[in-house]
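Before any comments, here is the structure.
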Amino acid sequence: HDSNPWWTRAVVYQVYPRSFADSNGDGIGDLGGIRSKLDYLAELGVDAIWLSPVYPSPQHDNGYDIKDYQDIDPVFGSLAEFDALLTAAHSRGLKIIMDLVVNHTSDEHPWFVESRSSKDNPKRDWYWWRPTADASSAGAVGGPPNGWGSAFSGPAWTLDPITDEYYLHLFARQQPDLNWENPEVRRAVYTMMNWWLDRGVDGFRMDVINFIAKRAELVSGPQASLGGGSPMGPQIHDYLQEMHREVFAGRTGEHLTVGEMPGVTVEDARLFTDPARAEVDMIFQFEHVSLDQGQTKFHFLPRSLPALKASLGRWQGGLAETGWNSLYLNNHDQPRLVSRFGNDSEFRFESATLWALVLHLHRGTPYIYQGEEIGMTNVHFESITDYRDIESLNHYREAVAEFDRTGQFDQAPATVLEGVHTMGRDNARTPMQWDDSAHAGFTSGTPWIAANPNFAAVNVAADRAAKRSVFRFYQRLITLRHTLPTVALGDFTMLEPNHEALYAFTRTLGSETLLVVANAADAPLTTPLPADLSGAELLLGNYPAAEQTGTGEAPLRAWEARLYRLA
Ligand code: TEU
Ligand code: CA
């Protein structure tokens, strides 16, 4: 498999620096903390570390609002500390992937400060400015140019008093969208990307990169109110191909680009990840993490295994011949996978390891989100004041205000808080749980967000001392991907697609076939397994080796997963 790029047999670990490890006692994770845990990550066996943003930022969106792309925020450290971290990571064979957030900047970025200062500022056209909807009538100040909404509640347009025009922000109003139709913007981004690659970083995770190309309806205006659907425009492919030419084409060495792309389809992804098109290596798609979301992400729906299998199976099939999948079940924006897809109380170890085995045996590059490797769970804070995420806080404020106005029952504070408990992003952002000392060993100070109260039982030290360790299970999965070409490259075939509890599939490469069978339920599986297991070899399981029975294999127990090599 030499002809296949390194990332086809690699595993990436996502660090959310703010919550990973604090080395100076200010309650906020930092580069020094990450450096102190490199041996831990090397021992886990991952190949690369994706760092969520550590650049200077007012931190309205925890660093996804950047005011200087070529420095490190003092709260995380310094460029010198970053260089030291990079050297230390490379010396352990670990690559560092940076978070590229270029759909928008912070409103404190000098580019925006200049752009907003006057209508004829040379950087005016670096962002999206529009007159009020009915500015035609002299002196009248009307509404926003159109009805598009922000992902963080409220309109996507904010009136700026300096020039009496609206600017676009798909996210918080402190995150104005850059105008990628302006070649000066594109040039500035490529220059910055080359600066980081020349410094030695190994690639980028690209934040909402498909939104940099704006659909005409989003930015035309004034016009009647409109909204909904994806902001993505067709010029996205031109931008990504130009970026590849200007930044990666001339380089040697092993790099990785993964584009975060909310709302894209498998058909889109075949274009984005077709190596011949030289756009990105892989993408984060959102189909499987949108199945349980109702009219908003906080209105969660009951989960369905057949629906999940259909979605993940569609992506396996769609990118089987051309392109490449990323594989993830959680990240800093999603609830913890063991709480969302498993049983995080009676069967926390079993369901955490079941989903690890299922995900890591799919075809694609798996991403481990910090804490996933020890089965960390969602948090359940009593009050909205314990939460920190701008998305949740804006949602709560707007929903409760709506309730006060209309008495609309599903916006009652307790109901809204339940939505934050189940789907809020802070579920993934409570401090990494290292041990049972104060604040889970994350900080010697007061953490910026409280640790999950279950940290005394759920932490790295306890997990690694346990007979059944999630961490060791992940180690074995990563070793399998590094050593078995069938895991990295084998063809995927879903079995029993309609079964409500059984997740089963095969991977085939040449004469080798691997079989995964997983019982995603609290009750034992009563139906027979979908393959002839005579002569099969059990490579990995999350229960003690099943007692042999007359029929060849014991039935699958609650949340039991097994990996077989078929004869
Ligand atoms: O997330 C993009 C994105 O689509 C998220 O807003 C996602 O839809 C939402 O969080 C689900 O609840 C990226 C970053 O991962 C996220 O942390 C940032 O807040 C966002 O972009 C803006 O930079
Ligand atoms: Ca710190």
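These figures come from a predicted structure and were not determined experimentally. First listed ligand is number 1; within each ligand, the first listed atom is number 1.
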Which ligand 1 atoms does D207 reach within 4.0 Å, using its non-hydrogen atoms?
13 (C), 14 (C), 15 (O), 21 (O), 22 (C), 23 (O)
Close-contact set for ligand 1 against P262 heavy atoms, below 4.0 Å:
4 (O)
Which of these, H332, E260, R425, E391, has its nearest heavy atom closest to atom 1 (O) of ligand 1?
E260
Under a 4.0 Å threshold between the charged nitrogen and the carboxylate oxygen, would E114 count as salt-bridged to R124?
no
Quick look: F152 vs ligand 1, heavy-atom contacts under 4.0 Å, and the answer is side chain
State the atoms of ligand 1, each with its element, that fall below the 4.0 Å cut-off from a heavy-atom position in D61.
18 (C), 19 (O), 20 (C), 22 (C), 23 (O)
What do you reckon, are the aromatic ring centroids of F272 and H237 less than 6.0 Å apart?
yes
Heavy-atom contacts with K297 under 4.0 Å: which atoms of ligand 1 show up? List them by number with element.
11 (C), 12 (O)
Under 3.5 Å, is there a donor-acceptor pair linking the side chains of H299 and T296?
yes
D68 versus D71, closest heavy-atom pair with distance
OD2-CB, 3.6 Å
Aromatic plane relationship, W180 with Y239 - under 30° parallel, 30 to 60° tilted, over 60° perpendicular
tilted
Ligand 1 atoms in contact with H104 (distance to a heavy atom under 4.0 Å):
22 (C), 23 (O)
So, R336 and E372, do they make that salt bridge, N to O below 4.0 Å?
no
Would you say the ring centroid of H104 lies under 6.0 angstrom from that of F211?
no
Note on the Ca ion (ligand 2): protein N/O/S atoms within less than 3.0 Å are D22 OD1, N24 OD1, D26 OD1, I28 O, D30 OD2
Can you report which non-hydrogen protein atom sits closest to atom 8 (O) of ligand 1, along with the distance?
F286 CE2, 4.1 Å
Provide the number and element of each atom of ligand 1 under 4.0 Å from a heavy atom of R429.
17 (O)
Closest heavy-atom contact between V201 and F82?
CG1-CZ, 3.7 Å
With a cutoff of 4.0 Å, is H60 in contact with ligand 1, counting heavy atoms of the residue only?
no
Quick one: are the ring centres of F76 and Y55 less than 6.0 Å apart?
no
Under-4.0 Å heavy-atom contact with ligand 1, by part of H169 that carries it:
neither
Mind running side chain to side chain contact (heavy atoms under 4.5 Å, CB included) on M282 and L256 for me, showing each step along the way?
CA-CA 8 Å; M282 62 191 85; L256 169 66; 3.3 Å; yes
Short list, please: which atoms of ligand 1 are under 4.0 Å from a heavy atom of D333?
1 (O), 10 (O), 13 (C), 14 (C), 15 (O), 16 (C), 17 (O)
Using a heavy-atom cut-off of under 4.0 Å, does the side chain or the backbone of M261 touch ligand 1, or both, or neither?
neither
Please state which protein non-hydrogen atom is closest to atom 6 (O) of ligand 1 and give its distance, to 0.1 Å?
F171 CE2, 3.3 Å
Any chance CD of E267 has more than 12 other-residue heavy atoms, nucleotides or ligands included, within less than 6.0 Å?
yes
Under a 4.0 Å N-O cut-off, is there an ion pair linking D107 with R173?
no
Under the ring-ring contact (aromatic ring centres under 6.0 Å, His included) test, which residues partner W129, sequence neighbours left out?
F112, Y167
